[in-house]
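Labels below follow one simple rule: chain letters A, B, ... track the order of the sequence lines, proteins then strands, and each chain is numbered from 1. Predicted model only: the values in this text are computed from it and were never measured.
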Number of protein chains: 2
Amino acid sequence: MMLRLYTRGVIVLPMDVFEAVAEPTRRSVLDLLARSERSAGELVAAFPGLTQPAVSRHLRILRESQLVDVRPDGTRRVYSLRPAALAELDRWLDTYRRFWGERLDDLERHLDSRTRRTGAEEAK
Amino acid sequence: MMLRLYTRGVIVLPMDVFEAVAEPTRRSVLDLLARSERSAGELVAAFPGLTQPAVSRHLRILRESQLVDVRPDGTRRVYSLRPAALAELDRWLDTYRRFWGERLDDLERHLDSRTRRTGAEEAK
DNA sequence: CGCGTATATAATCGCAACATCATAGATGAC
DNA sequence: GTCATCTATGATGTTGCGATTATATACGCG
């Protein structure tokens with residue numbers, strides 16, 4: 001039961017998160033989705049410099065890298081953030097955190113607005 | 001006094017961190033440097049699948065994205081990690097941290113060895 | 001100085017990323 | 001059903017990344 005994913009060359013691989021977020025447009029999409037979920041059309045409208053197929057392709061890559069979720073709503077497809085994949089990035093950064101440490105202050109401040117959420121739906 | 005940086009097309013821009021870490025080889029270099037500083041030659045030796053110029057170009061990109069430092073030592077050039085640039089990535093992730101929350105527990109635990117400081121500078 | 005070693009750059013090439021335009025598929029309204 | 005709308009995909013072109021080989025530059029040594 002092999003997932004059909006992004007074809008890189010001949011072989012079928014999962015799109016990796018690092019590549020996905022390397023693209024400025026895709027980071028912008030994630031920023032928008034962090035505020036609220038949006039339909040594909042709304043996202044297209046958010047990028048006047050790009051055509052609809054261009055945005056659609058970016059959405060595909062974000063889907064394949066597990067960074068977003070899609071929910072059909074009539075003829076629309078509503079995209080929402082799926083941050084588990086970003087946690088992978090965060091985990092990678094963990095290795096380096098001990099090198100700067102000062103930034104932990106910001107995180108601490110951030111934690112004061114405690115968004116505790118012990119229940120968690122985790123996709124693998 | 002404009003820094004000469006990486007030429008992208010015609011315009012000269014700083015290499016951005018997201019692109020720099022998107023490359024698996026470059027991430028491996030960072031991982032090696034996180035353990036200890038190494039000369040260019042040692043780094044070349046660490047990648048038997050690549051030629052010396054290939055590694056050298058990766059090092060250039062890491063230099064231009066401020067992710068590494070170089071110190072001449074005789075005829076060698078010794079590379080070391082400069083994690084400030086990674087902090088930029090970390091800052092970007094801050095926006096999304098509230099979405100996965102479980103990891104906040106880890107950070108919080110981490111913070112118990114606190115580095116208190118109340119000052120705050122906020123970008124944007 | 002010339003020679004060897006270490007590293008960076010130049011020129012070139014292949015391939016993959018990202019854009020476009022055109023078209024297909026799916027859904028809702030009539 | 002037909003038609004309009006929303007979204008995804010196919011075909012294709014340009015551009016830029018990352019690789020190579022060959023060459024240049026810098027340093028140390030005799």
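- The distance from atom CZ of A/R77 to atom CG of A/D73, rounded to the nearest 0.5 Å, is 11.5 Å.
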Tabulate protein N/O versus nucleotide N/O from nucleotides 19-21 of chain D, keeping only pairs under 3.5 Å, one per line.
residue : atom : partner : partner atom : Å
D/dA19  : OP2  : B/H58   : NE2          : 2.5
D/dT20  : OP2  : B/T51   : N            : 3.2
D/dT20  : OP2  : B/T51   : OG1          : 2.5

Tabulate atom names and distances for all N/O pairs under 3.5 angstrom spanning the protein and nucleotides 24-30 of chain C.
none

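- In this model, the phosphate group of C/dC18 is approached by a side-chain N or O of A/R26 to a distance below 4.0 Å at OP1 or OP2.
- Counting to the nearest Å, the C1' atom of C/dA17 and the CG atom of A/L62 are 14 Å from each other.
- Between B/L43 atom CG and C/dA6 atom P the separation is 14 Å, expressed in whole Å.
- In this structure, A/E42 atom CD and D/dC6 atom P are separated by 11 Å, rounded to whole Å.
- No more than 12 heavy-atom neighbours from other residues, nucleotides or ligands sit within 6.0 angstrom of CZ on A/R76.
- Across every non-hydrogen atom of B/A20 and B/S65, the tightest pair is CB-OG, 3.6 Å.
- The distance between atom CZ of B/R76 and atom P of D/dG28, rounded to the nearest whole Å, is 12 Å.
- Partners of A/R26 according to the side chain to side chain donor-acceptor pair (under 3.5 Å) rule, which considers only residues two or more places apart in sequence or in another chain, are A/H58.
- With sequence neighbours excluded, the residues forming a side chain to side chain contact (heavy atoms under 4.5 Å, CB included) with A/R63 are A/R60, A/V68, A/V70, A/Y79, listed by chain and number.
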Tell me which donor-acceptor pairs under 3.5 Å the side chains of residues 41-49 of chain B have, and how far apart each pair is, sequence neighbours excluded?
residue : atom : partner : partner atom : Å
B/E42   : OE1  : B/S39   : N            : 2.8
B/E42   : OE1  : B/S39   : OG           : 3.4

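- At whole-Å resolution of the value, CD in A/E19 and P in D/dG16 are 17 Å apart.
- Distance, B/R71 CZ to D/dC27 P: 15 Å, rounded to whole Å.
- Here A/Y79 reaches the OP1 or OP2 of D/dA8: one of its side-chain N or O atoms lies under 4.0 Å away.
- In this structure, B/R27 contributes its side chain and B/V21 its backbone to a donor-acceptor pair below 3.5 Å.
- For the pair A/D94 and A/R97, the tightest heavy-atom approach, listed with the atom from each and the gap, is OD1-NE, 2.7 Å.
- Spacing between atom CG of A/L59 and atom C1' of C/dA19 amounts to 15 Å, rounded to whole angstrom units.
- Checked against C/dA17, D/dA8, C/dT9, the side chain of B/R63 finds its nearest nucleotide in C/dT9.
- Atom CG of B/D16 and atom P of D/dG16 are 15 Å apart (whole Å).
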Determine all donor-acceptor pairs shorter than 3.5 Å in which one atom belongs to a side chain in residues 30-38 of chain B; sequence neighbours excluded.
residue : atom : partner : partner atom : Å
B/D31   : OD1  : A/Y96   : OH           : 2.3
B/E37   : OE1  : B/R71   : NH2          : 3.2
B/E37   : OE2  : B/R71   : NH2          : 2.3
B/R38   : NE   : B/L32   : O            : 3.4

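- Using a 4.0 Å cut-off, some side-chain N or O of A/R77 falls inside it from OP1 or OP2 of D/dA8.
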